[in-house]
Asker: 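Pasting a structure here, questions to come.
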Amino acid sequence: MDKPILQVVDIWKSYEDLQVLKGVSFELREGEVKVLFGPSGSGKSTLLRCINMLNPPDKGEVFLRGENITDPNVNINAIRAKIGMVFQHFNLFAHLKAIDNVSIGLRRVKGFPKEEARAKALEVLQSVKMEDWADHYPAELSGGQQQRVGIARALAMDPDVILFDEPTSALDPELIGEVLQVMLDIAKAGKTMIVVTHEMGFAKAVASEMIFLGDGVIIESGTPEHFFVSPKSERVKNFLNQLDVLYGSHEKLLK
Amino acid sequence: MSDIPTLSEIIYYILRRGLYHTLLLTALGLLIGFILGISLAIMRVYGAKELMWFSSGYEKLFRGIPLIVLIYIFAFGLPDILWYIDPLELRLGSVVLALSLRSAAYQSQIFRGAILSVAPGQMEAARALGMKGSQAFRHVVMPQALRLAIPSWSNEYAVVIKDSSFASAIGIVELTQAAYFVSVSFREIWALSYLILAVIYFLFTYPITRIFGERQSKKLKKLGMGGG
């Protein structure tokens, strides 16, 4: 196999007295979709935010294509441009129309000329089926539409990897499907992704590996088959049962 | 004006004599206050500890001194240092200085509040795209903060235009001083001249604060901005 795109090595992170991550390591290869799941407070979101250094880890290293991005001498802005992020609450720029939300990174970070950035943004909006809403402000869009623009904003930068931080958990149930569908399309098109989600239908459909995080460590990892057929630890079994009871499964939403 | 003047004559006289200086003082006071105020707000929100102290100390100082005292300090103090400048210009400068330094203290608070009410996720999303902190501020936080500040800022305009009337205390002929001239020339109608003055000030403040205050508030709500 080729070299990993992303290597996460022994990440530790605490907030004041709370030790959130206690030595997490994994690797991600080109085209892989990694699903992170686990109880709330287990450190999933923190782990994503350590990977793009929004919250730098206390200890441990992250390598993007072999480059140590936790090194303080590295140009973190240039690195972040190669790591897309999709947020739970979308975080679209409220003062910009959908198209400008998608093109602003191209213009300000990648230095695209205005027209070129616009053309590319429109193309990416098409890929998430939002081209008809290009001239609308975020507040005029539904949650699902906003999140699709959020995904387009990350995609437009052509990142090496996209981090999804619970992208559907702030959405009304009837809007989850459209977002999962877009994510599924991206995954099938070969994008490398790390997805924090409890949507087991999505995981089953595209995850190359699933990681169960609990109390800041990886408790169990394996393929979706492994988790849904024969999970090892009691904790994982209980958690998956609870998910089924609480959320049901959205598999039927996916084509 | 030996006979008692008509209403429109009084209005015309007050506007002709006074409007220019009132608007000039207001515009300069607000503009300089804006530049200083934004700088102070940025220091207060993003600055190192020393800059935060400076900014917060500045706010406390200039909010704690009556405007008329500031005007007297500058108007009577500056000529000793800047004796070569034309006295009228120096008096105007003193009022501009007093208005803008004090307005900066209030505008700093307005913009600090506005910057802080831009949702933190906005800055995060900008940084996650690879923008530098300064780019994220300029292209994402600042444009939203300015929009959020408009309603409070229109209120500050109302304060400054009304307080420019203190310039009359050092003999600058602006609206209030012009009305005073009318009142002393025609003792019989002194109350009327001030009543007209009051209406003029009102007409220069209320419609503006209404347009920029209420309309902008509605627009912001539509954009879902401000903590959203």
Side-chain angles (χ1 to χ4, degrees), chain A residues 45 48-49 51-56 69 75-97 100-111 136-141 143 146 149-150 152-165 170, chain B residues 34 38 41-42 45-46 48 110-154 211-228:
Chain A
S45 295
L48 287 192
R49 301 166 65 86
I51 291 172
N52 71 358
M53 300 286 284
L54 277 181
N55 296 132
I69 68 171
N75 176 3
I76 194 61
N77 299 314
I79 296 293
R80 287 203 189 107
K82 296 188 224 164
I83 305 177
M85 189 160 203
V86 175
F87 297 86
Q88 181 179 6
H89 297 286
F90 332 131
N91 296 2
L92 292 184
F93 305 129
H95 65 304
L96 297 179
K97 293 171 178 171
D100 299 321
N101 263 280
V102 180
S103 67
I104 190 171
L106 295 171
R107 289 197 62 196
R108 305 299 175 194
V109 179
K110 289 200 154 183
H136 287 255
Y137 287 97
E140 299 168 337
L141 304 175
Q146 287 191 54
V149 175
R153 177 172 68 179
L155 268 181
M157 300 290 283
D158 282 327
D160 289 341
V161 51
I162 304 183
L163 314 175
F164 291 81
D165 187 5
Chain B
F34 173 78
I38 279 210
I42 292 171
V45 179
Y46 298 109
I110 291 171
F111 290 118
R112 176 163 61 104
I115 291 170
L116 291 176
S117 46
V118 174
Q122 300 282 309
M123 177 57 113
E124 261 174 20
R127 296 307 303 270
L129 275 177
M131 286 191 207
K132 287 181 248 165
S134 56
Q135 284 181 312
F137 180 74
R138 194 175 137 208
H139 299 298
V140 174
V141 176
M142 199 58 189
Q144 297 187 45
L146 287 177
R147 286 170 174 81
L148 288 167
I150 288 173
S152 317
W153 202 84
S154 70
I211 290 167
F212 287 100
E214 293 176 21
R215 279 208 200 154
Q216 182 70 14
S217 295
K218 268 185 211 145
K219 211 164 142 194
L220 287 172
K221 211 173 237 173
K222 221 182 106 197
L223 283 179
M225 278 169 52

Asker: Among all residues two or more places apart in sequence or in another chain, which pass the salt bridge (charged side-chain N to carboxylate O under 4.0 Å, His left out) test with B/Glu214?
Answerer: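 In terms of salt bridge (charged side-chain N to carboxylate O under 4.0 Å, His left out), with neighbours along the sequence ignored, B/Glu214 is linked to B/Arg210.
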Asker: Looking at A/Ala78, A/Ala94, A/Gly84, which has the largest count of heavy-atom pairs under 4.5 Å with chain B?
Answerer: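 Top count of heavy-atom pairs under 4.5 Å with chain B: A/Ala94.
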Asker: Taking only residues two or more places apart in sequence or in another chain, which ones pass ring pair (Phe, Tyr, Trp, His ring centres under 6.0 Å) with B/Phe137?
Answerer: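 Per chain and number, B/Phe137 pairs via ring pair (Phe, Tyr, Trp, His ring centres under 6.0 Å) with B/Tyr46.
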Asker: Looking at residues at least two apart in the chain, or sitting in another chain, which of them share a side chain to side chain contact (heavy atoms under 4.5 Å, CB included) with A/Ala156?
Answerer: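 For A/Ala156, the residues satisfying side chain to side chain contact (heavy atoms under 4.5 Å, CB included) (neighbours in sequence not counted) are A/Val102, A/Leu106, A/Val124.
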Asker: Which heavy atom of A/Phe87 sits nearest to which heavy atom of B/Ala128, and what is that distance?
Answerer: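 The answer is CZ-CB, 3.9 Å.
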Asker: Work out which heavy atom in A/Ala139 is nearest to a heavy atom in B/Gly224; give both atom names and the distance.
Answerer: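 What the structure gives for the nearest pair is CB-N, 3.8 Å.
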Asker: Do you know which of A/Gly150, A/Ala81, A/Gly105, A/Pro159 has the most heavy-atom pairs with chain B at a distance under 4.5 angstrom?
Answerer: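 Ranked by heavy-atom pairs under 4.5 Å with chain B, first place is A/Ala81.
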Asker: Using only the distance criterion (under 3.5 Å, no hydrogens considered), which donor-acceptor pairs connect chain B with chain A?
Answerer:
residue	atom	partner	partner atom	Å
B/Gly121	O	A/Asn91	ND2	3.2
B/Gln122	OE1	A/Ala94	N	3.3
B/Gln122	NE2	A/Leu92	O	2.7
B/Glu124	OE1	A/Arg49	NH1	3.3
B/Glu124	OE2	A/Arg49	NH2	2.6
B/Arg127	NH2	A/Asn77	OD1	3.3
B/Gln135	NE2	A/Arg108	O	2.9
B/His139	O	A/His95	NE2	3.1
B/His139	ND1	A/Arg108	NE	3.4
B/Gln144	NE2	A/His95	ND1	3.2

Asker: Counting only heavy atoms closer than 4.5 Å, note whether A/Phe93 contacts chain B via side chain, backbone, both or neither.
Answerer: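 For A/Phe93, the contact with chain B is made by backbone and side chain together.
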Asker: Tell me, for A/Leu92 versus chain B, whether the close heavy atoms (under 4.5 Å) come from the side chain, the backbone, both or neither.
Answerer: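 Only the backbone of A/Leu92 comes within 4.5 Å of chain B.
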Asker: Checking heavy atoms, do the side chain of A/Ile79, its backbone, both or neither come under 4.5 Å from chain B?
Answerer: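 Interface part for A/Ile79: neither.
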